[in-house]
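What follows is a single structure, written as C-alpha coordinates, with notes after it.
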Amino acid sequence: MRKIILSLSLLFAFVVFQNTQATAQNLKIGYVQVDSVASMMPEYKASSSELEGLQKVIQKNLQGEYQKLQARQEELKKTVTNEQQQAAAQQELQELFAKFEDQQKQAEERFNKKQNDLLFPIYAKIREAIKEVGKENNYVLILNELDGTNTAYILYSAEGTDITDLVVKKLGL
(Lines give C-alpha, C1' and ligand atoms only; values in the text may rest on other atoms or scores of the structure.)
Protein backbone atom coordinates (compact mmCIF):
# COMPACT_ATOMS: atom_id res chain seq x y z
CA MET A 1 0.00 0.00 0.00
CA ARG A 2 2.86 2.39 0.88
CA LYS A 3 4.50 1.71 -2.48
CA ILE A 4 1.28 2.53 -4.30
CA ILE A 5 0.84 5.81 -2.40
CA LEU A 6 4.49 6.74 -2.95
CA SER A 7 4.22 5.88 -6.67
CA LEU A 8 1.03 7.92 -7.03
CA SER A 9 2.62 10.86 -5.20
CA LEU A 10 5.66 10.78 -7.47
CA LEU A 11 3.45 10.50 -10.54
CA PHE A 12 1.32 13.43 -9.32
CA ALA A 13 4.43 15.56 -8.64
CA PHE A 14 5.83 14.70 -12.09
CA VAL A 15 2.56 15.68 -13.82
CA VAL A 16 2.35 18.94 -11.86
CA PHE A 17 6.00 19.72 -12.65
CA GLN A 18 5.52 19.04 -16.37
CA ASN A 19 2.32 21.08 -16.44
CA THR A 20 4.02 24.00 -14.69
CA GLN A 21 6.92 23.94 -17.14
CA ALA A 22 4.56 23.84 -20.12
CA THR A 23 2.52 26.72 -18.71
CA ALA A 24 5.62 28.79 -17.97
CA GLN A 25 6.90 28.24 -21.48
CA ASN A 26 3.56 29.41 -22.91
CA LEU A 27 3.54 32.63 -20.89
CA LYS A 28 4.50 35.52 -23.09
CA ILE A 29 6.05 38.33 -21.09
CA GLY A 30 7.46 41.58 -22.41
CA TYR A 31 8.56 44.94 -21.20
CA VAL A 32 8.40 48.51 -22.45
CA GLN A 33 10.66 51.50 -21.90
CA VAL A 34 7.71 53.77 -21.16
CA ASP A 35 9.72 56.94 -20.58
CA SER A 36 11.59 56.33 -23.81
CA VAL A 37 8.28 56.04 -25.68
CA ALA A 38 6.98 59.21 -24.01
CA SER A 39 10.09 61.18 -24.98
CA MET A 40 9.39 60.34 -28.65
CA MET A 41 5.89 61.85 -28.53
CA PRO A 42 5.50 65.45 -29.79
CA GLU A 43 2.99 66.24 -27.03
CA TYR A 44 5.50 65.09 -24.41
CA LYS A 45 8.16 67.39 -25.84
CA ALA A 46 5.70 70.31 -25.81
CA SER A 47 4.66 69.50 -22.24
CA SER A 48 8.26 69.24 -21.09
CA SER A 49 9.02 72.60 -22.63
CA GLU A 50 5.96 74.15 -20.95
CA LEU A 51 6.96 72.64 -17.60
CA GLU A 52 10.53 73.95 -17.93
CA GLY A 53 9.13 77.43 -18.63
CA LEU A 54 6.82 77.23 -15.63
CA GLN A 55 9.66 76.05 -13.43
CA LYS A 56 11.83 79.01 -14.48
CA VAL A 57 9.02 81.46 -13.72
CA ILE A 58 8.42 79.88 -10.32
CA GLN A 59 12.13 79.92 -9.47
CA LYS A 60 12.46 83.54 -10.56
CA ASN A 61 9.45 84.59 -8.45
CA LEU A 62 10.67 82.69 -5.41
CA GLN A 63 14.16 84.11 -5.82
CA GLY A 64 12.68 87.61 -5.91
CA GLU A 65 10.64 86.98 -2.77
CA TYR A 66 13.68 85.56 -0.99
CA GLN A 67 15.76 88.60 -1.91
CA LYS A 68 13.03 90.87 -0.51
CA LEU A 69 13.06 88.79 2.67
CA GLN A 70 16.83 89.08 3.00
CA ALA A 71 16.70 92.84 2.34
CA ARG A 72 14.07 93.25 5.08
CA GLN A 73 16.18 91.16 7.44
CA GLU A 74 19.22 93.39 6.82
CA GLU A 75 17.12 96.53 7.23
CA LEU A 76 15.81 95.30 10.58
CA LYS A 77 19.33 94.47 11.80
CA LYS A 78 20.38 98.05 11.13
CA THR A 79 17.35 99.75 12.68
CA VAL A 80 16.79 97.70 15.85
CA THR A 81 18.11 99.55 18.87
CA ASN A 82 16.38 97.98 21.90
CA GLU A 83 14.93 94.67 23.11
CA GLN A 84 11.36 95.65 22.33
CA GLN A 85 12.27 96.43 18.72
CA GLN A 86 14.31 93.21 18.52
CA ALA A 87 11.32 91.14 19.64
CA ALA A 88 9.08 92.87 17.11
CA ALA A 89 11.70 92.32 14.38
CA GLN A 90 11.99 88.62 15.21
CA GLN A 91 8.21 88.29 15.11
CA GLU A 92 8.07 90.05 11.75
CA LEU A 93 10.87 87.87 10.32
CA GLN A 94 9.20 84.67 11.54
CA GLU A 95 6.00 85.72 9.81
CA LEU A 96 7.87 86.62 6.62
CA PHE A 97 9.73 83.28 6.60
CA ALA A 98 6.45 81.42 7.22
CA LYS A 99 4.86 83.32 4.35
CA PHE A 100 7.82 82.48 2.11
CA GLU A 101 7.56 78.79 3.00
CA ASP A 102 3.86 78.90 2.11
CA GLN A 103 4.73 80.47 -1.22
CA GLN A 104 7.27 77.70 -1.88
CA LYS A 105 4.71 75.05 -0.99
CA GLN A 106 2.04 76.63 -3.19
CA ALA A 107 4.49 76.91 -6.08
CA GLU A 108 5.44 73.25 -5.72
CA GLU A 109 1.76 72.22 -5.64
CA ARG A 110 1.03 74.39 -8.67
CA PHE A 111 3.92 72.82 -10.58
CA ASN A 112 2.92 69.27 -9.61
CA LYS A 113 -0.68 69.88 -10.66
CA LYS A 114 0.41 71.29 -14.00
CA GLN A 115 2.78 68.35 -14.47
CA ASN A 116 -0.01 65.88 -13.75
CA ASP A 117 -2.44 67.74 -16.01
CA LEU A 118 0.03 67.68 -18.90
CA LEU A 119 1.57 64.24 -18.51
CA PHE A 120 -1.37 62.11 -17.38
CA PRO A 121 -3.06 62.07 -20.82
CA ILE A 122 0.25 61.20 -22.47
CA TYR A 123 0.90 58.24 -20.19
CA ALA A 124 -2.74 57.16 -20.51
CA LYS A 125 -2.28 57.09 -24.28
CA ILE A 126 0.86 54.96 -23.87
CA ARG A 127 -0.95 52.59 -21.49
CA GLU A 128 -3.73 52.12 -24.05
CA ALA A 129 -1.17 51.37 -26.77
CA ILE A 130 0.54 48.85 -24.48
CA LYS A 131 -2.79 47.15 -23.78
CA GLU A 132 -3.52 46.91 -27.50
CA VAL A 133 -0.05 45.53 -28.27
CA GLY A 134 -0.48 43.05 -25.43
CA LYS A 135 -3.83 41.82 -26.74
CA GLU A 136 -2.73 41.71 -30.37
CA ASN A 137 0.44 39.77 -29.56
CA ASN A 138 -0.94 37.53 -26.77
CA TYR A 139 1.20 38.86 -23.96
CA VAL A 140 0.06 37.81 -20.50
CA LEU A 141 2.26 40.35 -18.75
CA ILE A 142 4.00 43.55 -19.83
CA LEU A 143 6.31 45.37 -17.42
CA ASN A 144 7.78 48.84 -17.38
CA GLU A 145 11.56 48.70 -17.58
CA LEU A 146 12.06 51.59 -15.15
CA ASP A 147 9.84 53.36 -12.69
CA GLY A 148 9.68 57.13 -12.18
CA THR A 149 12.75 57.00 -9.95
CA ASN A 150 14.83 55.14 -12.57
CA THR A 151 14.69 51.97 -10.50
CA ALA A 152 15.05 48.98 -12.80
CA TYR A 153 12.39 46.31 -12.57
CA ILE A 154 13.91 44.18 -15.27
CA LEU A 155 17.10 42.56 -14.06
CA TYR A 156 17.32 40.16 -16.95
CA SER A 157 15.40 39.81 -20.15
CA ALA A 158 15.69 37.35 -22.96
CA GLU A 159 16.08 38.67 -26.47
CA GLY A 160 12.75 39.64 -27.99
CA THR A 161 11.02 40.59 -24.74
CA ASP A 162 11.53 44.35 -25.19
CA ILE A 163 8.37 45.37 -27.03
CA THR A 164 9.02 49.11 -26.91
CA ASP A 165 9.24 49.24 -30.70
CA LEU A 166 5.79 47.63 -31.03
CA VAL A 167 4.31 50.31 -28.76
CA VAL A 168 6.12 53.07 -30.65
CA LYS A 169 4.74 51.67 -33.90
CA LYS A 170 1.25 51.39 -32.39
CA LEU A 171 1.41 55.09 -31.45
CA GLY A 172 2.52 55.95 -34.97
CA LEU A 173 5.80 57.49 -33.84
Side-chain angles (χ1 to χ4, degrees), residues 29-137 139 141-157 161-173:
I29 299 172
Y31 70 92
V32 177
Q33 300 169 17
V34 174
D35 288 336
S36 175
V37 173
S39 69
M40 293 179 204
M41 299 172 73
E43 58 265 47
Y44 181 83
K45 292 175 185 171
S47 296
S48 294
S49 177
E50 188 174 338
L51 288 171
E52 285 176 25
L54 177 61
Q55 191 171 29
K56 285 179 184 174
V57 168
I58 288 171
Q59 284 176 340
K60 186 177 178 183
N61 288 341
L62 287 175
Q63 218 167 19
E65 291 298 318
Y66 188 72
Q67 287 172 347
K68 286 180 192 173
L69 182 63
Q70 285 181 319
R72 181 66 182 146
Q73 188 175 22
E74 290 301 316
E75 183 182 320
L76 289 171
K77 278 183 186 176
K78 292 176 186 172
T79 59
V80 169
T81 57
N82 61 44
E83 286 185 22
Q84 187 178 8
Q85 288 177 334
Q86 187 174 4
Q90 280 182 330
Q91 178 67 30
E92 182 182 340
L93 287 175
Q94 285 176 348
E95 289 171 8
L96 290 173
F97 275 109
K99 183 180 174 186
F100 180 71
E101 286 176 2
D102 283 345
Q103 289 172 329
Q104 283 181 310
K105 187 177 176 183
Q106 288 173 1
E108 185 178 321
E109 289 171 357
R110 184 173 142 215
F111 181 81
N112 289 339
K113 182 181 179 335
K114 186 69 172 180
Q115 186 177 35
N116 287 338
D117 290 347
L118 291 173
L119 298 181
F120 184 81
I122 294 168
Y123 282 99
K125 189 175 178 180
I126 294 171
R127 277 193 301 276
E128 279 305 310
I130 291 170
K131 284 180 187 175
E132 289 177 25
V133 166
K135 287 177 184 172
E136 290 170 4
N137 296 285
Y139 282 93
L141 183 65
I142 298 174
L143 304 169
N144 185 2
E145 183 186 34
L146 301 171
D147 70 359
T149 61
N150 282 338
T151 301
Y153 287 113
I154 310 297
L155 302 176
Y156 167 79
S157 64
T161 55
D162 182 357
I163 61 167
T164 303
D165 289 341
L166 293 174
V167 176
V168 168
K169 187 177 176 182
K170 176 59 81 181
L171 289 167
L173 301 173

Apply side chain to side chain contact (heavy atoms under 4.5 Å, CB included) to residues T79 and Q85 and explain how you reach the verdict.
CA-CA 9 Å; T79 59; Q85 288 177 334; over 6 Å; no
Do N137 and L166 have side chains that approach each other closer than 4.5 Å (heavy atoms only, starting at C-beta)?
yes
Between CG on residue L143 and CD1 on residue I163, distance to nearest 0.5 Å
9.5 Å
CD on E75 to CZ on R72, rounded to 0.5 Å
4.5 Å
Would a 4.5 Å heavy-atom cut-off, applied to side chains only, mark L69 and K99 as touching?
no
Please report the C-alpha distance between K68 and L96 in whole Å, then the side-chain angles of each, then the deciding distance to 0.1 Å, and finally whether the side chain to side chain contact (heavy atoms under 4.5 Å, CB included) criterion is met.
CA-CA 10 Å; K68 286 180 192 173; L96 290 173; over 6 Å; no
Spatial distance of atom OG (S39) from atom CG (L173) [nearest 0.5 Å]
9.5 Å
Using a 4.5 Å cut-off on heavy atoms from C-beta on, say whether the side chain of Q33 contacts that of V37.
no
Where is the tightest heavy-atom contact between G134 and I142, given as atom of each residue plus distance?
CA-CD1, 3.6 Å
Atom pair NZ/CD of K56 and Q63 - distance to nearest 0.5 Å
13.0 Å
Using 0.5 Å steps for rounding, measure from the CG atom of L93 to the CD atom of Q70.
11.5 Å
CD on Q106 to CD1 on I58, rounded to 0.5 Å:
11.0 Å
Sorted by first residue and then second, give each ring pair (Phe, Tyr, Trp, His ring centres under 6.0 Å) pair with at least one member in residues 31-64; sequence neighbours left out.
none
Are the side chains of F97 and Q73 in contact, using a 4.5 Å heavy-atom criterion?
yes
E136 CD: over 12 foreign heavy atoms closer than 6.0 Å:
yes
Hey, are Q91 and E95 close enough side-chain-wise for a donor-acceptor pair under 3.5 Å?
yes
Name each donor-acceptor pair under 3.5 Å that joins a side chain in residues 111-133 to protein atoms two or more places apart or in another chain, with its distance.
unit_1 : atom_1 : unit_2 : atom_2 : d
N112   : ND2    : E108   : O      : 3.3
K113   : NZ     : D117   : OD2    : 2.9
K114   : NZ     : E50    : OE2    : 3.1
N116   : ND2    : N112   : O      : 3.4
Y123   : OH     : D35    : OD1    : 2.9
K125   : NZ     : E43    : OE2    : 2.9

